[in-house]
2 protein chains.
Amino acid sequence: MRRRVSIKDIAAAAGVSHPTVSRALRGQGRMSEATRARILTIAREMGYTPNLVARGLVTQRTYSVGLVVTNIRDPFHSEIIRGVEAVVRAHGYSLFLASTTADPDQELEVVRSFVGRDVDGIVIASSQAGDRYAEMLDELGMPIVLINSHAEGDNVHAVRHDDYAGACAVMEHLLDQGFQRIAFLGLGRSSRVHGERRQAWKEALRRRGLDASVAVSAPESTIEHGVTQVVHLVERARGRWGTPPQAIFCYNDLLAIGAISGLRRLGLEVPQDVAVAGFDDLEVCAHMRPSLTTLRQPRYEMGEDAAQLLLSLLEQDRRAQPKPTEKLYRGELQIRESTQGVSPQTARVG
Amino acid sequence: MRRRVSIKDIAAAAGVSHPTVSRALRGQGRMSEATRARILTIAREMGYTPNLVARGLVTQRTYSVGLVVTNIRDPFHSEIIRGVEAVVRAHGYSLFLASTTADPDQELEVVRSFVGRDVDGIVIASSQAGDRYAEMLDELGMPIVLINSHAEGDNVHAVRHDDYAGACAVMEHLLDQGFQRIAFLGLGRSSRVHGERRQAWKEALRRRGLDASVAVSAPESTIEHGVTQVVHLVERARGRWGTPPQAIFCYNDLLAIGAISGLRRLGLEVPQDVAVAGFDDLEVCAHMRPSLTTLRQPRYEMGEDAAQLLLSLLEQDRRAQPKPTEKLYRGELQIRESTQGVSPQTARVG
DNA sequence: CTGTTAGCGCCTTCAC
DNA sequence: GTGAAGGCGCTAACAG
C-alpha cells in the first residue's frame, strides 16, 4: 500500500514544476505541445489519478451530490436512485447515498453529514422531515431538490408527482366499477404524499355520500405489513358494514400485494370477493395474479429530472439565486384484473 | 449562500488559536474546562460543521467507502445496498454508490473514480469485471471486498454465496419431484455466479443421464426479459423433446416471475403444465400465485457482513497485510407451489 | 495548557 | 511558456 502518485511526483519525473503538470493535465494555459504530451505520457505511465479531495478543497466544488431516500426496500426508491445516479455520473459527479427509514432525526443528521462532506447539492426523496427543515435548509448554502415532498426555502426546489390527482383517478375507477364500501390501507406515519392519497380517498367517498371510516395503517410499507394489516381492515369493515369491503385502495403497491395475499388467507378472492388497487406500478404488478390495478408514477424519470435540475442549479452563477421551482408529474392509471370484471352485487357477504 | 464557518472563525470569536479550537472540538489534549466549554458553545452558536474534505486531506482517512452494484433494478442488490449502508453509516462512514449495469468498462471506471475520491475501501457486488481487475486491485492501495464474485489480489477479500450448492439443492428438488425434462433460463453475460448455477443444472441432469441441452439466455435480468425468453425456451424444448419442458430452472427470481407470466400467455399453467423455480427469494416470491419455489440468499446479511469485514480491515494497522478472506454463505431452499403437487406424468404434452 | 509552524495535494495569481 | 508563492480547512509536531 504505497502512497498514490501526485502531481509533484510527475513534475519531478518530467523535470518541470507541479503547476505546469496541473495545467497540462487540465488542458489549460498555452504551453508547448511537446512538454504537454510528455507530461501526459508520464502521468499515464505512473498511473496517476487526480486527488479529488484536494482539488475540492481549493476549488470549493467537490463534484459530488448527496441523495437521501427514506426506504430503500421499496422498489419505488430504487428507481429514483437509479435515475439520479445515472444523470449525476454522466456529468462526472459522484453520489453519496443514505437510506434513513422513516425517522426524521436520522434524515436531518444525514443531511448534516452531507454538508460536512461539502457536497455541491442534495436530493431528498420522500422526506419525512418536512417542516423541520425550515430552520436549516436555507442555512446550508447549497441547492436542495426534494422529490415528492415539500419544504419552504429559497434554495429548495421540488420535483413531485400529483398524488392527489392520481388517487382521485384510482377512486373514480373504483366508484365507476360500482363499488361503494371502499376501505383504505394506509401508512402510520404521515407525510404529504400519504396525506394526499388518503384525502382523495376520503373526499371521493364523501362527495357521493359514502362511508369513509374504514381505514387502517401499516407501520411500514412492506408486503408483510400488508398481509397482517388487511386482516384488521376486514375486521373493521365487518364491524362497520357487516361484510368485508368491496374494494380496498392501498397506499402503495407493496401494501396492495400483501393485502391480496392476506385476503386469500382469509378465504377472500381478488377481485371476486374484494377488489384491490395500489399505487406506483412496480414492475411486478403487471405479472401478479390477479394483475394489479395501480397508478403508474414515472419514478425513473423523476429521479433523472431531480438530478438534472440540481445540476443545472449548480452550473448557474452561485449568486443568481434562482426562484424555487416545482415540477409536477401526472401518473397514469393502469387498470388491470384486481379491480375488474365483477359487479359488486355478486360480492359475497361475509 | 455565504461561506461556511471554519475553525478559524471560531478561533477569532473565542480569542484563541485554531489548533486550540480543533483540539477542543475533538476532545483531545488536556485544556481548561472553561475554555473548552466556551469554544464548544461558540461553535454551536455559529453553526459550525467540520469540513470532512479538509480533514481527510491531512489525516489520509476520508471515512468514506465506495459501493459498486451492477444492477440496482434487481431487488437483490437493493438489499445488499441497504446492508452495507446501515453498517457503514453506523460507524460514521459515508457511502459512495455507483450502479454500473453489466458493462465491465463502466465498472472499472467507477472504481477508478472512487480511488480519486480517496475512499478508504471499496465493496463491489456481483462484479462483471472479474479477471480484468487482476492488474489494478493491488495497485490502488486500499482494501476491497467482493460480494458474489472473485478476483485474485492481496487486498481482495470476498463474501459470497455458495451458488453451486444452492443450485444443486434446487435441482435435487426438481428431480425428486420426478421431472426429467428440465430447461434452464439463464443470462447472456457470464459471471462466476451465473456459471455456478448453470453448471449445477447441467451436471445434475448429466449425472442422471438426462438431456441438458435446452437453455436460453436473457440479455438482462428483468421480468420483461423472462416473459419474452421463456417463449423461445418452450420453442426450443418442443424442437428437442416435442413437448414443453416439465420444469424450468431460472437464473433468478425476476426471470422466474417473467417466465411464469410468459407461460400463462402461452396457455401453460404453473405448476400443472410446467414447474418453475427461481433463485434469491425476493420478498414478493412468497406472495405470487403460484408462490415461487426458490433459494433464499441472505442478501441483507451479506451486505452487512461485507461492510463489517471492510471496516475491520480499515481499523487494522495498514501494514499488517491481512490474508485475503473468503466468507461463504449457504442459502435455504424455499419449496413453494410453483414446483409442487403435480406428478409429471400428468403434464400435458404440447 | 496553549500558540506557532508546517504540510496534506491541488489550484490560482503573479512574476519571470 | 513556465516557475514561485500563497492558501483552501484542517491536524500534527513541537515550542513555550
Side-chain angles (χ1 to χ4, degrees), chain A residues 1-40 42-43 46-64 113 115-120 140-141 318, chain B residues 1-40 42-43 46-64 115-120 141 318:
Chain A
M1 302 228 195
R2 43 176 222 304
R3 205 173 49 77
R4 295 224 322 265
V5 1
S6 79
I7 53 172
K8 279 186 191 163
D9 301 323
I10 301 177
V16 295
S17 70
H18 29 132
T20 304
V21 174
S22 171
R23 280 186 290 255
L25 256 26
R26 284 174 302 137
Q28 242 190 36
R30 282 174 305 287
M31 60 197 300
S32 76
E33 270 315 310
T35 52
R36 163 157 293 150
R38 189 160 47 88
I39 291 173
L40 292 179
I42 294 180
M46 298 181 75
Y48 173 73
T49 317
N51 184 328
L52 271 12
V53 173
R55 179 181 293 172
L57 190 57
V58 25
T59 59
Q60 300 294 4
R61 291 282 253 110
T62 55
Y63 290 92
S64 66
S113 86
V115 173
R117 294 282 171 189
D118 228 0
V119 296
D120 296 334
L140 37 65
R318 295 200 153 211
Chain B
M1 303 231 194
R2 38 174 228 304
R3 205 173 51 76
R4 295 223 325 262
V5 1
S6 77
I7 53 172
K8 280 187 188 162
D9 301 323
I10 300 177
V16 296
S17 69
H18 30 134
T20 304
V21 174
S22 172
R23 281 186 290 254
L25 258 23
R26 286 174 300 138
Q28 241 189 38
R30 283 174 304 288
M31 62 197 300
S32 78
E33 270 316 309
T35 53
R36 163 159 291 153
R38 190 159 48 88
I39 290 173
L40 291 180
I42 294 180
M46 298 181 75
Y48 173 74
T49 317
N51 185 327
L52 270 13
V53 173
R55 178 181 294 172
L57 190 57
V58 26
T59 59
Q60 300 294 6
R61 290 282 253 113
T62 56
Y63 289 93
S64 65
V115 174
R117 295 282 171 191
D118 229 0
V119 297
D120 295 334
R318 296 199 152 210

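A quick note: this is a predicted structure, and the numbers were derived from the prediction, not measured. Per chain, numbering begins at 1; letters A, B, ... match sequence-line order.
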**Q.** Interatomic distance, L25(A) CG vs dT2(D) P [rounded to whole Å]
**A.** 14 Å
Q.
Side-chain N or O of S17(A) versus OP1/OP2 of dG3(D): is the shortest distance under 4.0 Å?
A. yes
Q) Contact class for R26(B) vs. all strands (heavy atom < 4.0 Å): base, sugar-phosphate, or nothing? A) sugar-phosphate
Q. Under 4.0 Å between a side-chain N/O of T59(A) and OP1 or OP2 of dC11(C), yes or no?
A. no
(Q) Rounding to an integer number of Å, can you tell me how far R117(B) CZ sits from dG9(C) C1'? (A) 15 Å
Q. Reckon T35(A) has a side-chain N or O less than 4.0 Å from the OP1 or OP2 of dT2(D)?
A. yes
Q.
I'd like to check I39(B) versus I10(B) (side-chain heavy atoms, cut-off strictly below 4.5 Å). Are they in contact?
A. yes
Q) Where the side chain of H18(B) is defined as all heavy atoms beyond and including C-beta, which of dA4(D), dG9(D), dT11(D) is the nearest nucleotide? A) dT11(D)
Q. Side-chain donor or acceptor of R4(B) under 3.5 Å from a matching atom on the base of dG9(D)?
A. no
Q) OP1, OP2 of dC11(C) versus side-chain N and O of S22(A): anything below 4.0 Å? A) yes
**Q.** Minimum-distance pair of heavy atoms, taken over all atoms of N51(B) and R4(B)
**A.** CA-NH2, 3.8 Å
Q) Does a nitrogen or oxygen in the side chain of Y48(A) sit under 4.0 Å from OP1 or OP2 of dC10(C)? A) yes
Q.
Applying a 4.0 Å non-hydrogen cut-off, can you work out what V53(B) is touching in the nucleic acid: base, sugar-phosphate, or nothing?
A. nothing
Q: Return the value, rounded to whole Å, for the distance between atom CG of D118(A) and atom P of dC8(D).
A: 14 Å
Q) Does Q60(B) have a side-chain nitrogen or oxygen under 4.0 Å from the phosphate oxygens OP1 or OP2 of dG9(C)? A) yes
Q. Does R55(B) put a side-chain nitrogen or oxygen below 4.0 Å from OP1 or OP2 of dA12(D)?
A. no
Q: Verify, without hydrogens or angle tests, whether R61(A) (side chain) and V119(A) (backbone) share a donor-acceptor contact under 3.5 angstrom.
A: no
Q.
If I take atom CD1 in residue I39(A) and atom C1' in nucleotide dC10(C), what distance separates them, rounded to the nearest angstrom?
A. 15 Å
Q: Indicate yes or no: at least one non-hydrogen side-chain atom of L25(A) is less than 4.5 angstrom from one of Y48(A).
A: yes
Q. Quick check: does any side chain N or O of D118(B) sit under 3.5 Å from a backbone N or O of V53(A), one acting as donor and the other as acceptor?
A. no
Q | Interatomic distance, N51(A) CG vs dC8(C) C1' [rounded to whole Å] | A | 9 Å
Q) Quick one: on DNA chain C, does V16(B) or L57(B) contact a more 5' nucleotide (nearest heavy atom)? A) V16(B)
Q.
What's S32(B) touching, base or sugar-phosphate or nothing? Going by heavy atoms closer than 4.0 Å.
A. sugar-phosphate
Q | Between P of dT2(C) and CZ of R23(B), the distance in whole Å | A | 8 Å
**Q.** Nearest-Å distance for atom pair CD1/P, residues I10(A) and dC11(C)
**A.** 11 Å
Q. 5'-most contact on DNA chain D: R36(A) or L52(B), nearest heavy atom basis?
A. R36(A)
Q.
For the backbone of V16(B) and the side chain of T20(B), can you confirm whether one donor and one acceptor N or O come within less than 3.5 Å of each other?
A. no
